[in-house]
**Student:** 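Structure in structure tokens, see below.
In this chain, residues are counted from 1 in sequence order.
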Amino acid sequence: KDFIDNMTHEMKTPLTSIIGFSDLLCNARLDEETIHDYAESIYKEGKYLKIISSKLMEIILLGQKPEMAPISVPDLFEEITAAVEPIAASREISFSSSSIPYTLYANRELIKSLLYNLIDNAIKASSPGKKVLLFSSLTKQGNLSICVQDFGIGIPESEQKKIFEPFYRVDKARSRETGGTGLGLAIVKKIILMHHGTIKMHSEEDVGTTFTVRLKN
């Protein structure tokens, strides 16, 4: 019920904007600049709805039992880096990754989704000229530890306990501007639970944030 209530609230604002601006375009006499501005607003809100619907579908699909298979972590990191580097570069952010030789028994697409969500958040939290790191190591118990580290705005201590809640965003206005839905970390948490792993976060305002995921084979 809470999830549905949150979803309804989250979709109400963009739908209201789309309907309102569309009505004005249909019925009001507007100059070209205003028409362009209204059309751009409709596009942005429509794009936001598309993003949020795909995230919701991802959460629904996570209710199914995933197929597990061996994954080469260095190969996975290489694939992720190839996809992420252009996105980071477009924001003038440096992205790099390094991995120990390790074969993880997991669902490849879910682990990719997990890392993409963490990296996406890290990039959005970083200003031009900063860097985002993805790296792995072994724990004392011989399990895999994966870290995503940024040197961005950080998360206030008062907000840190809420970040895994669906639709929760630390800075709602800023998140909407960058296409954030508040569902990324909820998805991350669910994927980790499905793989019987753990996640920890260390964050300081204006210093940065590190997420550490630990996965057992």
**Student:** If you count the non-hydrogen atoms of other residues, nucleotides and ligands that lie under 6.0 Å from NZ in Lys131, is the total more than 12?
**Tutor:**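 Open: at most 12 neighbouring heavy atoms sit under 6.0 Å from NZ of Lys131.
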**Student:** Check Ile123 against Ala88 and note the closest heavy-atom contact, atom names and distance.
**Tutor:**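 Looking at all heavy atoms of both residues, the closest pair is CD1-CB, 4.0 Å.
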**Student:** Do Leu118 and Val213 make a side-chain contact, defined as non-hydrogen atoms from C-beta onward lying under 4.5 Å apart?
**Tutor:**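 Yes; the side chains approach each other to less than 4.5 Å.
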**Student:** Just distance, no hydrogens or angles: give the donor-acceptor pairs under 3.5 Å from side chains in residues 93-102, sequence neighbours left out.
**Tutor:**
unit_1	atom_1	unit_2	atom_2	d
Ser97	OG	Thr81	OG1	2.6
Ser99	OG	Ser136	OG	3.1
Tyr102	OH	Asn217	ND2	3.3

**Student:** Nearest 0.5 Å, please: how far is NE2 in His196 from CG in Leu215?
**Tutor:**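 Those atoms lie 11.0 Å apart.
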**Student:** Do Leu185 and Phe211 have side chains that approach each other closer than 4.5 Å (heavy atoms only, starting at C-beta)?
**Tutor:**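 A side-chain contact exists here, since the closest heavy-atom pair is under 4.5 Å.
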**Student:** Rest of the hydrophobic cluster containing Phe135 (Ile/Leu/Val/Met/Phe/Trp/Tyr, side-chain heavy atoms under 4.5 Å)?
**Tutor:**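 Members other than Phe135 - counting any ILVMFWY side chain reachable under 4.5 Å - are Leu133, Phe151.
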**Student:** Using the salt bridge (Lys or Arg N to Asp or Glu O under 4.0 Å) criterion, which residues pair with Arg214? Sequence neighbours excluded.
**Tutor:**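 Applying salt bridge (Lys or Arg N to Asp or Glu O under 4.0 Å) to Arg214 gives none.
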**Student:** Who passes side-chain hydrogen bond (donor to acceptor under 3.5 Å, both in side chains) against Ser137, sequence neighbours left out?
**Tutor:**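 side-chain hydrogen bond (donor to acceptor under 3.5 Å, both in side chains) check on Ser137 returns nothing, list empty.
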**Student:** Is it possible for you to say whether Tyr43 and Leu15 belong to one hydrophobic cluster, with membership spreading through side-chain heavy-atom contacts below 4.5 Å?
**Tutor:**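 No; Leu15 is not reachable from Tyr43 via cluster members.
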**Student:** Quick one: CG on Leu76 to CG on Leu134, what's the gap to the nearest 0.5 Å?
**Tutor:**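 The distance works out to 8.5 Å.
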**Student:** Can you list everything that forms a ring-ring contact (aromatic ring centres under 6.0 Å, His included) with Phe21? Sequence neighbours excluded, please.
**Tutor:**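 Only Tyr38 meet the ring-ring contact (aromatic ring centres under 6.0 Å, His included) criterion with Phe21.
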**Student:** Please say whether more than 12 non-hydrogen atoms of neighbouring residues, nucleotides or ligands are located less than 6.0 Å from CD in Glu78.
**Tutor:**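 Not buried by this count: 12 neighbours or fewer within 6.0 Å.
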**Student:** Of the non-hydrogen atoms in Thr209 and Ser203, which two are nearest, and what is the gap between them?
**Tutor:**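 Heavy atoms only, the tightest pair is OG1-OG, 2.7 Å.
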**Student:** My understanding is that a hydrophobic cluster links ILVMFWY residues whose side chain heavy atoms are under 4.5 Å apart, including indirect links. Using that, what else belongs to the cluster containing Tyr105?
**Tutor:**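 Grouped by the 4.5 Å side-chain rule, Met68 form the rest of the cluster around Tyr105.
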**Student:** Could you report the tightest heavy-atom contact between Pro86 and Ala83, atom names first, then the distance?
**Tutor:**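 It is CD-O, 3.6 Å.
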**Student:** Taking side chain to side chain contact (heavy atoms under 4.5 Å, CB included) as the test, write out the residues that go with Glu92, two or more places apart.
**Tutor:**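 In terms of side chain to side chain contact (heavy atoms under 4.5 Å, CB included), with neighbours along the sequence ignored, Glu92 is linked to Pro128.
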**Student:** Is His36 close to Glu32 at the side-chain level, that is, under 4.5 Å between some pair of heavy atoms?
**Tutor:**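 No - every pair of side-chain heavy atoms lies 4.5 Å or more apart.
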**Student:** So, using side-chain hydrogen bond (donor to acceptor under 3.5 Å, both in side chains) as the criterion, who are the partners of Asn143 when residues are at least two apart?
**Tutor:**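 Residues passing side-chain hydrogen bond (donor to acceptor under 3.5 Å, both in side chains) with Asn143: none at all.
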**Student:** Looking at residues at least two apart in the chain, or sitting in another chain, which of them share a side chain to side chain contact (heavy atoms under 4.5 Å, CB included) with Ala122?
**Tutor:**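 In terms of side chain to side chain contact (heavy atoms under 4.5 Å, CB included), with neighbours along the sequence ignored, Ala122 is linked to Val132, Val148, Asp150.
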**Student:** Step by step, would you call Ile42 with Leu25 a side-chain contact (heavy atoms from CB on, under 4.5 Å)?
**Tutor:** CA-CA 11 Å; Ile42 291 170; Leu25 286 173; 3.7 Å; yes
**Student:** If you measure from CG on Asp75 to CZ on Arg108, what distance do you get to the nearest 0.5 Å?
**Tutor:**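 So the gap between those two atoms works out to 7.0 Å.
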**Student:** When clusters are formed from ILVMFWY side-chain contacts under 4.5 Å, directly or step by step, what else is grouped with Leu193?
**Tutor:**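 In the cluster with Leu193 there is nothing else; it is isolated.
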**Student:** Looking at side-chain heavy atoms only, is the closest gap between Thr34 and Leu24 below 4.5 Å?
**Tutor:**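 Side-chain contact under 4.5 Å: no.
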**Student:** Could you give the distance from NE2 (His195) to CG (Leu144), rounded to the nearest 0.5 Å?
**Tutor:**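 Nearest 0.5 Å value for the NE2-CG distance: 11.5 Å.
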**Student:** How far does NE2 of His202 sit from SG of Cys147, to the nearest 0.5 angstrom?
**Tutor:**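 His202 atom NE2 to Cys147 atom SG measures 12.0 Å (nearest 0.5 Å).
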**Student:** Could you check whether any side-chain N or O of Asp23 sits under 3.5 Å from a backbone N or O of Ile19, counting only pairs where one atom can act as donor and the other as acceptor?
**Tutor:**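 Checked: no pair found.
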**Student:** Who pairs with Thr103 by side-chain hydrogen bond (donor to acceptor under 3.5 Å, both in side chains), at least two apart in sequence or on another chain?
**Tutor:**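 Partners of Thr103 by the side-chain hydrogen bond (donor to acceptor under 3.5 Å, both in side chains) criterion come out as none, since no residue qualifies.
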**Student:** According to side-chain hydrogen bond (donor to acceptor under 3.5 Å, both in side chains), who are the partners of Asp206, at least two apart in sequence or on a separate chain?
**Tutor:**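 If we apply the side-chain hydrogen bond (donor to acceptor under 3.5 Å, both in side chains) test to Asp206, skipping adjacent residues, there are no hits.
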**Student:** So how far is it from Leu110 CG to Ile192 CD1, rounded to the nearest 0.5 Å?
**Tutor:**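 The CG atom of Leu110 sits 11.5 Å away from the CD1 atom of Ile192.
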